[in-house]
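Following: one structure in structure tokens, then a few remarks.
Values in this document were obtained by computation on a predicted structure and should not be read as measured data. Residue numbers begin at 1 in each chain, while the letters A, B, ... track the order of the sequences.
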There are 2 protein chains.
Amino acid sequence: MSKSVLELTPVEAVACCSPVTSEPLSAEAADRIVPLVKAIADPVRLRLVSLVASHADGEACVCDLNDAFDLSQPTISHHLKLLHESGILDREKRGVWVYYRVNAGALRDLAALLGGVTA
Amino acid sequence: MSKSVLELTPVEAVACCSPVTSEPLSAEAADRIVPLVKAIADPVRLRLVSLVASHADGEACVCDLNDAFDLSQPTISHHLKLLHESGILDREKRGVWVYYRVNAGALRDLAALLGGVTA
DNA sequence: TGTCTATGTTGACATCCGTCGATGTCTGGT
DNA sequence: ACCAGACATCGACGGATGTCAACATAGACA
């Protein structure tokens, strides 16, 4: 059973659409794609994604991430929540720690959408 | 003579950097990249880019763009200014009309930065 | 059970940002 | 010279967003 368009996550919305440069984007499509772009349109969140992606084993726990910024722990938690909800970061709780890992497909689809052409 | 890092436009900043997923992004690099991402992190601006890119001859005048939205002319002008200043859209005035065209390199570099790997 | 540590949630605040109406600045035509 | 149309700028308003301190929750271990 396929999902209604309105139920699509931002990641699914990006994956389903034509490149931005090939045909005009509908208002609805834009509204579904933008949350994913907004998610990385912040210096802290962009660095978080980069930190997680380049971390050993492709995952990092919150404690590691907190130390990388001069920001309060709730603020980092807030940004991680946004990244998780938009589908860019996956969460896994192991014991007391929570590990985040990037959803490579999300970034790849977004890149494809912007680049217009992809392999 | 090469430019100081602080003089780099967002587009140049994106073009010079490693993919987000290969190594941690410095705070400075993030601050230089984010303006470009922010520029397309709005449904109206994303559609504007898409409209211009997919328009005949790869360019569109403001009059065409205004008609595509239920927004005031100053609002569209404001968004176009942002897209132009961030380096995503190029401007050319011909007579009474102003034509915008996408800077394909900017989108391609941004896509490469996000995708991590590119051809 | 109780306490310590890791992480998320809430509420408040300041700032940023999208939007508009009014106005300014060009350019071309009469 | 004047007017009309295309586009930009300005000032203001309301809503969205990043940040923090305080508090809540949940797991590990004694």
5' priority, DNA chain D, between A/Lys93 and A/Ala41 [closest heavy atom]: A/Ala41
Look at all strands and tell whether B/Leu71 reaches a base, only sugar-phosphate, or nothing, counting heavy atoms closer than 4.0 Å. sugar-phosphate
Can you hop from A/Leu82 to A/Leu65 via hydrophobic side chains spaced under 4.5 Å? no
Please confirm whether the shortest side-chain N or O distance from B/Lys81 to OP1 or OP2 of D/dT9 is below 4.0 Å. yes
Looking for any heavy atom pair under 4.0 Å, which part of the strands does A/Tyr100 touch: base, sugar-phosphate only, or nothing? sugar-phosphate
To the nearest Å, give me how far apart NE2 (B/His84) and C1' (D/dA8) are. 12 Å
If I take atom CG in residue A/Asn66 and atom C1' in nucleotide D/dC20, what distance separates them, rounded to the nearest angstrom? 14 Å
If you take atom types as modelled and just measure distance, does the side chain of B/Gln73 reach the base of D/dA8 with a donor-acceptor pair under 3.5 Å? yes
Tell me the interatomic distance from A/Leu82, atom CG, to D/dT19, atom P, rounded to whole angstroms. 11 Å
Any cation-pi pair here, A/Arg91 with A/Tyr99, using under 6.0 Å and within 45°? no
A/Asp57 side chain to A/Glu59 backbone, donor-acceptor under 3.5 Å: no
Between D/dG5 atom C1' and B/Trp97 atom CH2, what is the distance in whole Å? 9 Å
Side chain of B/Cys63 - closest among D/dC7, D/dC20, D/dG18: D/dC7
Check ion pair A/Arg47-B/Glu28 (N to O, under 4.0 angstrom): no
Without swapping roles, check the side chain of B/Lys38 against the backbone of A/Ala41 for a donor-acceptor pair under 3.5 Å. yes
Within this structure, what is the CG-to-P distance between B/Asp67 and D/dG5, rounded to whole angstrom? 15 Å
Side-chain N or O of A/Thr75 versus OP1/OP2 of D/dT19: is the shortest distance under 4.0 Å? no
Distance in angstrom units between A/Asp70 CG and D/dT19 P, rounded: 12 Å
Starting at CZ of B/Arg91 and ending at C1' of D/dA6, how long is that distance when rounded to a whole Å? 11 Å
Under 4.0 Å between any heavy atoms, over every strand shown, what does A/Arg94 touch: base, sugar-phosphate, or nothing? Just pick one. nothing
Start and end of the DNA chain C segment that chain A contacts, any atom under 4.0 Å from a heavy atom: C/dA6 to C/dT9
Across the strands shown, which category fits B/Tyr99 at heavy-atom distances under 4.0 angstrom: base, sugar-phosphate, nothing? nothing
To the nearest 0.5 angstrom, please state how far the CZ atom of A/Arg45 sits from the CG atom of A/Leu89. 11.0 Å
Distance in Å, A/Ile40 CD1 paired with A/Leu110 CG, rounded so as to fall on 0.5 Å steps: 5.0 Å
By nearest nucleotide on DNA chain D, pick out whichever of A/Val96 and B/Lys38 is the more 5' one. B/Lys38
Starting at CD of B/Glu92 and ending at P of D/dC7, how long is that distance when rounded to a whole Å? 13 Å
Does any non-hydrogen side-chain atom of B/Asn66 lie less than 4.5 Å from one of B/Cys63? no
Taking any heavy-atom pair under 4.0 Å as a contact, classify B/Asp42: base, sugar-phosphate, or nothing. sugar-phosphate
Determine the contact category for B/His79: base if any of its heavy atoms lies under 4.0 Å from a base atom, sugar-phosphate if only primed atoms, P, OP1 or OP2 are that close, otherwise nothing. sugar-phosphate
